[in-house]
There are 2 protein chains.
Amino acid sequence: MSTVGKAISLLELFSVDEPELGLSDLARRSGFDKATTRRLLVALAGHGFVEQDIGTRHYRLGAGLSRLARIREARFPFLQTAVPLVRDLAASTAETVHLSEFGVDRLVTVHVEHPAWANRVNIDIGQLLPLHSTASGIAYLAFARDETVKACLTGSLDAFTAHTLIEPAAISRCMSEARERGYSICDQGYEEGVISVAAAIRGADGFALGIIAVAAPKARTTAAAITERGLAVREAAREISMRLNGENLQILRRQA
Amino acid sequence: MSTVGKAISLLELFSVDEPELGLSDLARRSGFDKATTRRLLVALAGHGFVEQDIGTRHYRLGAGLSRLARIREARFPFLQTAVPLVRDLAASTAETVHLSEFGVDRLVTVHVEHPAWANRVNIDIGQLLPLHSTASGIAYLAFARDETVKACLTGSLDAFTAHTLIEPAAISRCMSEARERGYSICDQGYEEGVISVAAAIRGADGFALGIIAVAAPKARTTAAAITERGLAVREAAREISMRLNGENLQILRRQA
DNA sequence: AAATAACGTTTCAAATAATGAACCGACCGC
DNA sequence: GCGGTCGGTTCATTATTTGAAACGTTATTT
């Protein structure tokens, strides 16, 4: 692995649940030597990608990341545009709604709204979702470039539950249905007892940029609720796409 | 420079004004060889820190950065908490209001609200501000750790305009005034014709975490307006600090 | 209170990964 | 068709990264 890759994989050890980690801990989890880990952290800290707590000496993600993320967001206001509609959808469905972007080969969860229920589907910001076994993933693939779809369906696919579809043909069928319907459904494909619907947020070129999804405990979800939520999530995705493409038409056209 | 540092300095070439850059361009600006630049970009792309436009082959900042920034923000909801108050302040002052965090040795602008005026102070998200010659910097230093202050005042300080204070003693005086007053004033210390007031957002330990500032063209700014804005920005900073420390008291205490 | 374990940090010879000049094919404007 | 620029690739040379060991400090255990 390249040195840069190592440094980034250190950053990826941080999560919402564990936002601060010590040197030895980072070394242990990354598998790098303590000295190596430290040198990487010092390099990262030199550019504000990590900060070190003065008291505990633990490391945490730094302001430099916020800076770059905001620069990205200024060019392409995905979060800014989508979050209000995610909120609305969370309010109207009273279930967990999450927003994801595509990154490398998975979906990256960038925003989540949780309902007040005690029994709810819990998703953390930053969580990575596989493409083939989540409603979000299927909705993305339904409007993704052929290369992306092919890259996803080649190689063996993990089965997370007994319900996970792992045959390319079955997944393709799901994608077609999602494309026609305007939203995808995934019944316990990633976690037992969770049922989700999702719809793709699309650019001016027609390809998916991100995903909005509603996830709920299957126990309290009727078939009628699924349809209702599906239509709502489809509508929300359409609205977000419209707002994005309306305001930034020229930029998005350039990408096409 | 470490390889990691080189990779990050590539990321830092992107800005709000130039959010997409080609390989040769990046190589030229960074001073690295084209082959080196590309290897670094490939490593970054492998983790979603940059993406490549399929059409133009240009690179842009990637979703992986948004992910990490959101994880950071989940732990320490600086933006989330502060942005509404930045908006309010922008509305009531009708001038540019910006929010910054401390990173490495400078301030990192993470949010900006611009007024409707054509003649206004323009600040981009991601812009880096020096500590010694901006209202924001002085307000930060006024409540920073001694090491930080010392590190800033040692070595030669750049004079950006004829008004820039560069003698440590004069800067210390500014800091003291800011500490007593509750807000700092910087009269054309960074750019000719711009006058700013700023106040520190502080953690439970009393040290500055970030800064909120109002910047305006000096031409239309009266002494009375400065005082009024100073009090408003002080109040906004106090409110943000309170909200941050109220909700996350246990976390912030731990840092103390 | 002493012993011990764990932590962050530094060092330096050995190992490995980064480097860059040259090269390739593709594309663009002339 | 031609010169220029682009993104991308190659490979011997070179410089950077690496990790075991050791140090001083700080918690934890005995």
Side-chain angles (χ1 to χ4, degrees), chain A residues 1-14 18-62 104 145 147-148 151 205 253-256, chain B residues 1-14 18-62 104 145 147-148 151 205 250-251 253-256:
Chain A
M1 194 193 292
S2 70
T3 314
V4 175
K6 289 180 194 171
I8 298 180
S9 67
L10 277 185
L11 295 175
E12 293 181 335
L13 294 174
F14 295 93
E18 300 187 294
E20 296 196 331
L21 296 166
L23 172 60
S24 297
D25 217 1
L26 285 163
R28 222 174 296 117
R29 295 182 197 218
S30 63
F32 309 143
D33 187 88
K34 225 172 12 159
T36 302
T37 305
R38 182 158 193 288
R39 270 185 344 97
L40 294 173
L41 286 169
V42 168
L44 290 167
H47 290 264
F49 274 35
V50 297
E51 300 167 347
Q52 189 172 25
D53 189 295
I54 295 195
T56 64
R57 311 235 122 191
H58 284 194
Y59 295 87
R60 59 168 170 262
L61 298 175
V104 195
R145 292 190 159 75
E147 310 97 82
T148 313
D205 54 10
R253 281 272 162 70
R254 182 147 41 91
Q255 291 174 358
Chain B
M1 191 193 293
S2 69
T3 314
V4 176
K6 289 180 195 174
I8 297 180
S9 69
L10 277 185
L11 295 176
E12 292 179 336
L13 294 173
F14 295 94
E18 300 188 293
E20 297 196 330
L21 297 167
L23 171 60
S24 298
D25 218 0
L26 285 164
R28 222 175 297 116
R29 296 182 198 218
S30 62
F32 309 143
D33 188 89
K34 218 169 24 156
T36 302
T37 305
R38 180 151 199 287
R39 270 184 344 97
L40 293 173
L41 286 169
V42 168
L44 290 167
H47 291 264
F49 274 34
V50 296
E51 300 167 346
Q52 190 171 25
D53 189 295
I54 295 196
T56 64
R57 311 233 123 190
H58 284 196
Y59 295 86
R60 61 169 110 82
L61 298 175
V104 196
R145 293 191 156 75
E147 310 96 84
T148 313
D205 54 10
Q250 69 294 350
I251 292 176
R253 282 270 164 70
R254 181 147 42 91
Q255 292 175 357

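Chain identifiers are assigned alphabetically (A, B, ...) following the order of the sequence lines, protein sequences preceding nucleic acid strands; residue numbering begins at 1 within each chain.
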NZ/NE/NH1/NH2 to OD/OE distance under 4.0 Å, [X] and [Y]:
| X | Y | answer |
| --- | --- | --- |
| Asp53(A) | Arg57(A) | no |
| Glu12(B) | Arg29(B) | no |
| Asp205(A) | Arg145(A) | yes |

### Query
How far apart are the closest heavy atoms of Ile8(B) and Ala43(A), and which atoms are they?
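Taking Ile8(B) first and Ala43(A) second, the nearest heavy atoms are CD1-O, 4.5 Å.
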### Message
If you compare all heavy atoms of Thr37(A) against all heavy atoms of Ser30(A), which two are closest, and at what distance to 0.1 Å?
### Response
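Heavy atoms only, the tightest pair is OG1-OG, 4.0 Å.
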### Message
If I take atom CD in residue Gln52(A) and atom P in nucleotide dG8(C), what distance separates them, rounded to the nearest angstrom?
### Response
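Gln52(A) atom CD is separated from dG8(C) atom P by 8 Å.
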#### Entry: Positional range of nucleotides in DNA chain D within the contact set of chain A, heavy-atom, under 4.0 Å
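Boundary nucleotides touching chain A, in 5' to 3' order, are dT17(D) to dA20(D).
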### Query
Once each nucleotide of nucleotides 15-30 of chain C is scored for protein heavy atoms under 4.0 Å, what B/S/- sequence comes out, 5' to 3'?
--SSBBB---------
### Query
Between dT9(C) and Arg38(A), is there an OP1 or OP2 to side-chain N/O distance shorter than 4.0 Å?
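Checking Arg38(A) against dT9(C): at least one side-chain N or O falls below 4.0 Å of OP1 or OP2.
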### Query
Is there a donor-acceptor contact under 3.5 Å from the side chain of Thr36(A) to the main chain of Phe32(A)?
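The answer is no, because no donor-acceptor pair under 3.5 Å joins these two groups.
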### Message
Assess the residue pair Phe49(A) and Leu10(A) against the criterion (side-chain contact (heavy atoms from CB on, under 4.5 Å)); give the C-alpha distance rounded to whole Å, side-chain angles, the decisive distance to 0.1 Å, and a yes or no.
### Response
CA-CA 11 Å; Phe49(A) 274 35; Leu10(A) 277 185; over 6 Å; no
### Task
Let me know which of Glu20(A), Gln52(A), Glu51(A) forms a side chain to side chain donor-acceptor pair (under 3.5 Å) with Tyr59(A).
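Testing each of Glu20(A), Gln52(A), Glu51(A) against Tyr59(A), the sole residue satisfying side chain to side chain donor-acceptor pair (under 3.5 Å) is Gln52(A).
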